[in-house]
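Please read the structure below before turning to the comments.
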Amino acid sequence: MKIATWNVNSLRTRLDHVTQWLTENPVDVLCLQETKVVDKDFPRSPLEDLGYHLYFSGQKSYNGVAILSRSPLESLSIGFSPVVGESIGDLDEQKRVISGALGDLRIVNLYVPNGSEVGSDKYQYKLRWLSVLRDYLQELLTETPHVLVCGDFNIAPEDRDIHNPVGRANHIMASIAEREALEKSVLSIGFIDIFRQFNPDPGQFSWWDYRAAAFVKNMGWRIDHHYLSANLVEKAIACTIDKTPRSWEKPSDHVPVVVELS
DNA sequence: ATGGCATCTAACAGATGA
């Protein structure tokens, strides 16, 4: 079974890329972020025609997440509050969390806040959001030991995940507090960054800035991830980054990351 | 280098992204 994650930076703008990629890579599940489309305008037919069931949570202009699955998902859950309760303030207003189950496997699709600049209000929001993510994932782990958490994390976990780590301690997506939050909310409760189980090398990225010809110079960041719960790691066969769509015309700035499970 | 580029909007400039 193959599961992919891809921040498409507007699903409607990238619809041809998504359908082309799915035609060439007929994964079982595709988790999308930054769909930027309200639910009533979600482009259903082109994706259903490829054989996918669609699950989505969108809003106008920003954010938005979706799961495309060849088999129907069970126990669909949108946002943090169905899992952690209503005491999370404004953290479900932005549509960043969707989850569903395939048998005993729970799949969680996340679009972690960007954070803008270190120390900004959006940065504090990102850290608050990650704090609630810990409660959310811990609760899910009590329900099933087989949890896959994927998405755009907007955090490069280590310096080898950045083309040039100089100044990263105060850089958004690599600051000390962000990495500590990722450690506390995901890694410390047993999740494994499965890409690094197969690929230890530097220079492997999932996002390249649109500016300064970053892609052709491979000046990227690895910020899109698949985390597997400890009980799922032994089922992992491969995890790969597909850079191909970044070279297509008018691409997303992110590319798909695919994990294969037995 | 507060640029460089892309996407969105009760748009045509400003917010957001990373």
Side-chain angles (χ1 to χ4, degrees), chain A residues 5-18 31-43 56-66 90-91 93-97 109-130 133 150-179 181-182 195 202-225 241 243 245-257:
Chain A
T5 179
W6 191 6
N7 178 324
V8 289
N9 186 17
S10 174
L11 178 57
R12 287 176 293 181
T13 298
R14 224 66 64 200
L15 189 56
D16 289 349
H17 284 203
V18 173
C31 295
L32 300 173
Q33 304 87 37
E34 280 208 275
T35 54
K36 296 187 175 180
V37 60
V38 295
D39 292 350
K40 72 175 177 59
D41 293 331
F42 196 91
F56 42 80
S57 173
Q59 65 181 88
K60 190 173 67 175
S61 305
Y62 302 114
N63 312 312
V65 284
D90 57 357
L91 291 177
E93 290 178 8
Q94 300 177 11
K95 305 308 181 189
R96 299 177 175 278
V97 179
N109 176 17
L110 303 177
Y111 176 43
V112 177
N114 166 295
S116 190
E117 288 178 50
V118 172
S120 66
D121 289 348
K122 290 188 174 68
Y123 182 76
Q124 298 305 329
Y125 183 94
K126 182 178 194 173
L127 296 178
R128 268 199 303 130
W129 193 97
L130 287 165
L133 177 62
C150 69
D152 175 1
F153 282 75
N154 273 317
I155 300 175
E158 303 174 42
D159 287 355
R160 62 178 162 164
D161 301 314
I162 310 173
H163 68 93
N164 176 8
V166 170
R168 49 93 180 144
N170 286 307
H171 193 294
I172 199 64
M173 303 190 293
S175 70
I176 309 240
E178 287 169 88
R179 286 184 175 174
L182 182 66
F195 179 81
Q204 306 194 69
F205 308 125
S206 64
W207 171 84
W208 299 260
D209 199 304
Y210 283 120
R211 299 163 290 187
F215 181 61
V216 295
K217 293 187 271 189
N218 199 30
M219 295 170 57
W221 294 57
R222 194 178 68 92
I223 55 177
D224 301 88
H225 307 302
I241 297 172
K243 293 171 68 170
R246 190 64 176 78
S247 64
W248 294 347
E249 189 176 352
K250 286 182 72 73
S252 170
D253 42 357
H254 299 250
V255 295
V257 184

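Below, chain A is the first sequence line, B the second, and so on; all start at residue 1. Small disclaimer: the values here were computed from a predicted structure and weren't measured.
Counting to the nearest Å, the C1' atom of B:dC5 and the CG atom of A:Asn9 are 11 Å from each other. Between A:His171 atom NE2 and B:dA18 atom C1' the separation is 7 Å, expressed in whole Å. If you take CG of A:Asn63 and C1' of B:dA18, they are 13 Å apart, rounded to a whole angstrom. In this entry the distance linking OH of A:Tyr210 with P of B:dC5 reads 13 Å, nearest Å. Straight-line distance from the NZ atom of A:Lys126 to the C1' atom of B:dG17: 11 Å, rounded to whole Å. Here B:dC8 presents its C1' atom at 12 Å from NZ of A:Lys250, a figure rounded to the nearest Å. Residue A:Arg96 contributes atom CZ, which lies 12 Å from atom C1' of B:dA18 at whole-angstrom precision. Atoms CD (A:Gln33) and P (B:dA18) sit 10 Å apart, rounded to a whole Å.
Counting non-hydrogen atoms under 4.0 angstrom, A:Tyr111 reaches the backbone sugars and phosphates but no base. Backbone-only contact: A:Asp152 has heavy atoms under 4.0 Å from sugar-phosphate atoms and none from a base.
Annotation: A:Trp221 is in aromatic contact with A:His171 [ring centroid separation under 6.0 Å].
Nucleotides B:dA1 and B:dA11 place their P atoms 37 Å apart, quoted to the nearest Å. Taking atom P in both B:dA10 and B:dC5, the straight-line distance is 27 Å, to the nearest Å. Separating the C1' atom of B:dA18 from that of B:dT2 is a span of 15 Å, rounded to the nearest Å.
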N/O to N/O distances under 3.5 Å, protein versus nucleotides 12-16 of chain B:
from   : atom 1 : to       : atom 2 : distance (Å)
B:dT16 : OP2    : A:Lys122 : NZ     : 3.3

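Under 4.0 angstrom from either OP1 or OP2 of B:dA6 there lies no side-chain N or O belonging to A:Ser10. An OP1 or OP2 oxygen of B:dG17 is reached within less than 4.0 angstrom by no side-chain nitrogen or oxygen of A:His254. Distances shown here put a side-chain N or O of A:Thr13 below 4.0 Å from the OP1 or OP2 atom of B:dC8. For B:dA18, one of the phosphate oxygens OP1 or OP2 lies less than 4.0 angstrom from a side-chain nitrogen or oxygen of A:Asn154.
The existence of a salt bridge linking A:Arg128 and A:Asp90 is confirmed by a sub-4.0 Å separation between a basic side-chain nitrogen and an acidic carboxylate oxygen. Using a 4.0 Å cut-off between charged side-chain N and carboxylate O, A:Arg179 and A:Asp159 make a salt bridge.
Side-chain contact between A:Val255 and A:Trp208: present, with at least one pair of heavy atoms (C-beta onward) separated by less than 4.5 Å.
Using a distance-only test at 3.5 Å, with no hydrogens or angles considered, a donor-acceptor pair links the side chain of A:Tyr210 to the main chain of A:Pro251.
If you check B:dT7, B:dC5, B:dC8 against the side chain of A:Arg14, the one that comes closest is B:dT7. Distances were taken from every side-chain heavy atom of A:Glu34 (C-beta onward) to each of B:dA6, B:dA18, B:dA10; the shortest belongs to B:dA18. Here B:dT9 is the nucleotide among B:dT9, B:dT7, B:dA18 with the atom lying nearest to any side-chain atom of A:Arg12.
Under the salt bridge (Lys or Arg N to Asp or Glu O under 4.0 Å) criterion, the residue pairs touching residues 206-215 of chain A are A:Asp209-A:Arg211, with sequence neighbours excluded.
In this structure A:Tyr111 satisfies the ring pair (Phe, Tyr, Trp, His ring centres under 6.0 Å) test with no other residue, sequence neighbours excluded.
When each of A:Val112 and A:Glu117 is assigned the nucleotide of DNA chain B bearing its nearest heavy atom, the one mapping closer to the 5' terminus is A:Glu117.
Closest heavy-atom contact between A:Met173 and A:Ile223: SD-CD1, 3.9 Å.
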